[in-house]
Amino acid sequence: MSKTGIADRAPAPSAQDTSAIKTGVPTAIAAVGLVWLAVTLAVARGTLHGSTGDVALSTAALSLPALIQAALFAGIAAGFAVTIGIVRRRTRIIAGFGTGLGVGALAFGTVLLGYGLQQGLETAVAASIGVAALLGGGIGTLRPARMLQTGLTATLPVIVLGYLVGHFSEPLLKLFGDNGTVASRYSASGYIGMTEALVQGLVAGIVAFVLLRRSGPIKVKDNRLVFAAYAFAGALPGLIIGLSEIFTRVGAAWLIDMATEFSDYDKILFGWGNGNRTNQALVVFFIGALVSLILYGRTIKKPAA
C-alpha cells in the first residue's frame, strides 16, 4: 500500500479527537442546557405572564439577558451533541444550525403561546431567544470536539456561581460595605460584580485546563492550535455571556429603548445592568483564557540544551 493511500484512509484530526470523548457526556451536557432553558423560560413566564404596559416592558427587558444566555448555551450544547459523530464539515454545520433552529423554535413557540404578552413585545422576546439558540447550534459545530466539550463543562460552574451570588445578594452586599445608603449599596454592588467575574474567570480557566490536560494530548495538524484550544475552552463561558449581551442590546434594542423612556430610574437601572454584564463578560473571557493558557504553558517541557 502506498503512503498516499495510507494518508487517504487516515481519520481527520477532528474524528481522532472525538474518539477520546466519553460516551454520553455530550448528551448529558445538552440535557443540562435544555433543562436550564426550560427552567429559565418557566421562571420568566411566571414573572411576565399577563403583564401589560410599562411593567411588561421593564420586566421583559430585565428578564431578556438570562433567557438569551440560557438559549445560547442550550443551542451550543444541543448542536454539539447532535454533530459529535459527524466528520464532514459541511454536513456538521448544516446539522448544527438545524439543531439550533429546532431549540430556538421550541423556545419561540413557548413564549408566543404561553406568556400572554402584547403581540409586539412577545415577538421581540421570542425572536431574540430563537436567534440566540440558532447561533448556538452553529457554535456547537466547532472543533476540536474536546475543546468545545471542555468549554461547555467549564461554563456550568460559572452559571452556578452566578446564581449563588444572585441568591445571596443581600448578605454579600452587607459584607462588601452596604450600610443602607444608596451610595454604599451601589459601591458594594460594583465590588461584588467584579469579584464574581474574577472568580468565575479563574474557575473557568482552571476547569478548562484540568479537563483538557487529563484527557490527553489534543490531536491537531498544527501544534500551535493546541494553545488556541486551551484559550478557547477557558474563554467560552465569557464568550457566552458576551454574546448574550450583544443579543440583548442589538436583537431587542427597541425594547430596551422603550423601557428606558419611562423614568430616570429606569435609565439608571438598565444602564447599570448593561455595564455590569459587559464588564463581567470581558473579565470572564480574558481571565478564563489567560489562566488556562498560563497553566498549560507551565506544563510544556523546555528543550534539552
Side-chain angles (χ1 to χ4, degrees), residues 32 35-37 39-49 51 54-70 72-73 153-208 234-246 248-249 255-256 259-260 262-291:
V32 170
V35 169
W36 176 30
L37 176 58
V39 170
T40 307
L41 286 168
V43 171
R45 182 187 183 279
T47 304
L48 289 168
H49 183 66
S51 299
D54 296 356
V55 174
L57 278 168
S58 298
T59 307
L62 288 172
S63 303
L64 198 56
L67 287 167
I68 291 177
Q69 192 175 119
L72 185 61
F73 181 88
T153 306
T155 304
L156 297 177
V158 171
I159 295 169
V160 172
L161 281 171
Y163 275 100
L164 287 175
V165 170
H167 183 73
F168 296 102
S169 59
E170 289 302 321
L172 287 172
L173 284 169
K174 293 180 180 179
L175 178 65
F176 280 84
D178 179 18
N179 58 16
T181 64
V182 175
S184 65
R185 191 176 185 85
Y186 181 82
S187 176
S189 297
Y191 286 128
I192 290 174
M194 183 55 65
T195 303
E196 175 189 1
L198 287 171
V199 173
Q200 287 175 322
L202 287 170
V203 169
I206 292 171
V207 171
L236 183 59
L239 180 63
I240 291 174
I241 298 171
L243 288 174
S244 301
E245 179 61 14
I246 291 173
T248 300
R249 295 193 182 199
L255 174 63
I256 304 298
T260 55
F262 300 146
S263 67
D264 291 336
Y265 175 77
D266 285 328
K267 293 179 181 179
I268 294 172
L269 179 63
F270 293 127
W272 178 76
N274 291 341
N276 273 358
R277 289 191 301 272
T278 301
N279 291 336
Q280 179 192 20
L282 291 172
V283 171
V284 176
F285 181 90
F286 286 109
I287 295 297
L290 286 173
V291 168

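Numbering of residues begins at 1 and proceeds along the displayed sequence.
The two residues Gly234 and Ala204 come nearest to each other via the heavy atoms O-CB, 3.6 Å. A pairwise comparison of heavy atoms in Val199 and Leu161 identifies CG1-CD1, 4.0 Å as the closest pair. Nearest heavy-atom pair, Thr40 versus Ala70, reported as atom, atom and distance to 0.1 Å: OG1-CB, 3.7 Å. Here the closest heavy-atom approach between residue Ser184 and residue Asp178 is recorded as OG-OD1, 3.3 Å. Between Leu173 and Ala188, the shortest heavy-atom contact is O-CB, 3.6 Å.
Judged purely by distance below 3.5 Å, without hydrogens or angles, the side chains of Gln69 and Glu245 never pair a donor atom with an acceptor atom.
Listed for the Ser244 side chain is no donor-acceptor partner under 3.5 Å among the backbone atoms of Pro65. In terms of modelled atom types and a separation under 3.5 Å, the side chain of Asn179 and the main chain of Thr181 share a donor-acceptor contact. With hydrogens and angles ignored, the 3.5 Å screen pairs no side-chain donor or acceptor of Gln200 with any backbone N or O of Val284.
Using a 4.5 Å cut-off on side-chain heavy atoms (C-beta onward), Leu175 and Tyr191 make no contact. In this structure the side chain of Thr195 reaches within 4.5 angstrom of the side chain of Phe176, judged on heavy atoms. At a threshold of 4.5 Å between non-hydrogen side-chain atoms, the residues Met194 and Gln280 do not count as touching.
Rounding to the nearest 0.5 Å gives a distance of 5.0 Å between CD1 of Ile192 and CG of Leu172. From Leu67, atom CG reaches atom CG of Leu41 across 6.0 Å, with rounding to the nearest 0.5 Å. Here Leu243 contributes atom CG and Leu72 contributes atom CG; the two are 5.5 Å apart, rounded to the nearest 0.5 Å. To the nearest 0.5 Å, the span separating CD1 on Ile241 from CD1 on Ile68 amounts to 13.5 Å. To the nearest 0.5 angstrom, Arg277 atom CZ is 12.5 Å from Ile246 atom CD1. Atom OG1 of Thr153 and atom CG of Leu236 lie 10.0 Å apart (nearest 0.5 Å).
In this structure, Tyr163 and Trp36 have perpendicular ring planes: the angle between them is above 60°, well past the 30° mark.
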Notebook entry, point to check: Run the side-chain contact (heavy atoms from CB on, under 4.5 Å) check on Leu156 and Phe73 step by step: do they pass?
Noted result: CA-CA 10 Å; Leu156 297 177; Phe73 181 88; 3.6 Å; yes

